Amino acid sequence: MQGFCNHRPIGRQEKRTIVDIANPPLCGGCKTFMTNCTFAGINSALREHERFAVLGHVRPDGDALGSQLALALSLKQLGKDVRVWNEDGMLEKYSFLSRAELLTEPPSAPEDVDVAIALDTAIQNRLGTALEAIRSAKIWINIDHHPSNPGYGDLVYVDPTAPATGQILFELIKNQKLPLDGNIAENLYVAICTDTGSFQYPNTTARTFEIAAELVRVGVDVGSVSQQVYENFPRRRVELLRELLRTMRFEGQGRVASFSLSLKTAAELGVIPEDNEGLIDHLRAIRGVIVAVFFEELADGKVRVSMRSKSEKADVCAICQKFGGGGHTLAAGARIRGTLAEVEERVLKAICDVVDCNS
Ligand code: AMP
Ligand code: MN
Ligand code: MN
């Protein structure tokens, strides 16, 4: 399969395909591996066009939703016509975000836009139905921090060293003097805060704290945001945790911990998909655990697998890629066809093969 790289001039459209991750895209012209475009290139595309669709991945997290709203608000301040679409719409949990009402489910009838922007989305098909809602776009912009992102789109900026897409957007906004106000700052802060596990994960750098400080200076109320994100869960989420812990199991001498959620239990508890975000951290927090896994039975005959690692040596992105998924070295996921029991067995075996269970 052929990839789409930023070496192509803006507006030169060719048939867009989803890129094979195993074969990183080469420039059709210069035959070198794709490199990032410049912030100036993205800035020109933003300023020169009028109609935008700002998209993020399905089953969104704080980074996807915060990034989508932040960039959309900045574009709106430039007077642009902006749609903010996510297949799942705004989550209840993040509905406190500034101007959250702007983010909607995509319409069923496709619309024409000049520029489509994919944020925080490692694989193009994880844009879900939002992808189908765009009839035509002169330019596709892809801004992300997943190392497994193959570089789909015309203007590609993928920085795997960034802890959050929100951090890349902050740099873009500052560098190119795009609008930044209190509402935009709050969305960027939530994007960065959630994807760094509250500034705890190893990809959190001095620069991340500098950006956070600047966002606080622009007006973010840290206490209020933290309460909304971490101390405002519905009771059913804790009831879900209680059920998940009942299924908890350990492999590889306690190095691999997992729990699972069946459709039956989910229905009995009345949980919604967003309720389980972050619960896997309870497994990762256990002493001796290197890889944590969460299995969630889906209605379409697949199982959603979520993985977290505490060691660069146990690269969960590589494991998930074997099953058609992706993500980051320490946090990745996949959707795998099969029953809960089948998928658990296959995935746990693949993890134990990688994690040195005997040392
Ligand atoms: P999650 O476990 O759903 O929080 O996802 C962890 C990371 O893996 C995120 O960065 C996701 O973007 C990525 N990820 C999750 N599921 C998939 C998938 N099916 N395909 C590719 N990447 C995924
Ligand atoms: Mn995300
Ligand atoms: Mn992210």
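On a predicted model such as this, the values are computed, not experimentally measured, just so you know. This chain uses plain numbering: 1 for the first residue, then up along the sequence. Both counts, for ligands and for their atoms, begin at 1 and track the order of listing.
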Q.
Can you tell me if, anywhere in Asp63, an N/O/S atom lies at a distance from the Mn ion (ligand 2) that is smaller than 2.8 Å?
A. no
**Q.** Min side-chain heavy-atom separation Phe170-Thr165 under 4.5 Å
**A.** no
Q: Specify the closest pair of heavy atoms between Met307 and Cys320, including all atoms of both residues, with the distance to one decimal.
A: CE-SG, 3.7 Å
Q: Spell out, yes or no, whether Leu244 and Val293 are grouped together once hydrophobic residues are joined by side-chain heavy atoms under 4.5 Å, including indirect joins.
A: no
Q | Geometric N/O contact Ile123 with ligand 1, under 3.5 angstrom | A | no
Q | Selection from Ser306, Gly333, Ser148 by shortest heavy-atom distance to atom 18 (C) of ligand 1 | A | Gly333
Q. Does some non-hydrogen atom of Ala122 fall short of 4.0 Å from ligand 1?
A. no
(Q) Tell me the nearest of Gln321, Arg59, Arg308, His328 to atom 4 (O) of ligand 1, using heavy-atom distances. (A) Arg308
Q: Provide the number and element of each atom of ligand 1 under 4.0 Å from a heavy atom of Gly327.
A: 8 (O), 13 (C), 22 (N)
Q: Using distance alone, with no hydrogens and no angle criterion, decide if Glu297 and Ser262 have a side-chain donor and acceptor under 3.5 Å apart.
A: no
Q) Looking at Asp120, which of its N, O or S atoms is the nearest one to the Mn ion (ligand 2)? A) OD2
Q. Touching ligand 1 at all, Asp61? Heavy atoms, strictly under 4.0 Å?
A. no
Q) Does a donor on one side chain sit under 3.5 Å from an acceptor on the other, for Asn149 and Asn142? A) yes
(Q) Which residue in the set Arg236, Lys93, Arg59 passes salt bridge (charged side-chain N to carboxylate O under 4.0 Å, His left out) when paired with Asp275? (A) Arg236
Q. Given atoms OD2 of Asp195 and NE2 of His145, what angle do they subtend at the Mn ion (ligand 3), to the nearest 10 degrees?
A. 90°
Q: Looking only at N, O or S atoms, find the one in Asp61 nearest to the Mn ion (ligand 2) and name it.
A: OD2
Q) When you check the side-chain N and O atoms of Thr208 and Gln167, is any donor under 3.5 Å from an acceptor? A) yes
Q. If you measure from atom 11 (C) of ligand 1 to every heavy atom of Glu296, His146, Met307, Glu277, which option wins on shortest distance?
A. His146
**Q.** Thr38 and Tyr157: side chain donor to acceptor below 3.5 Å
**A.** no
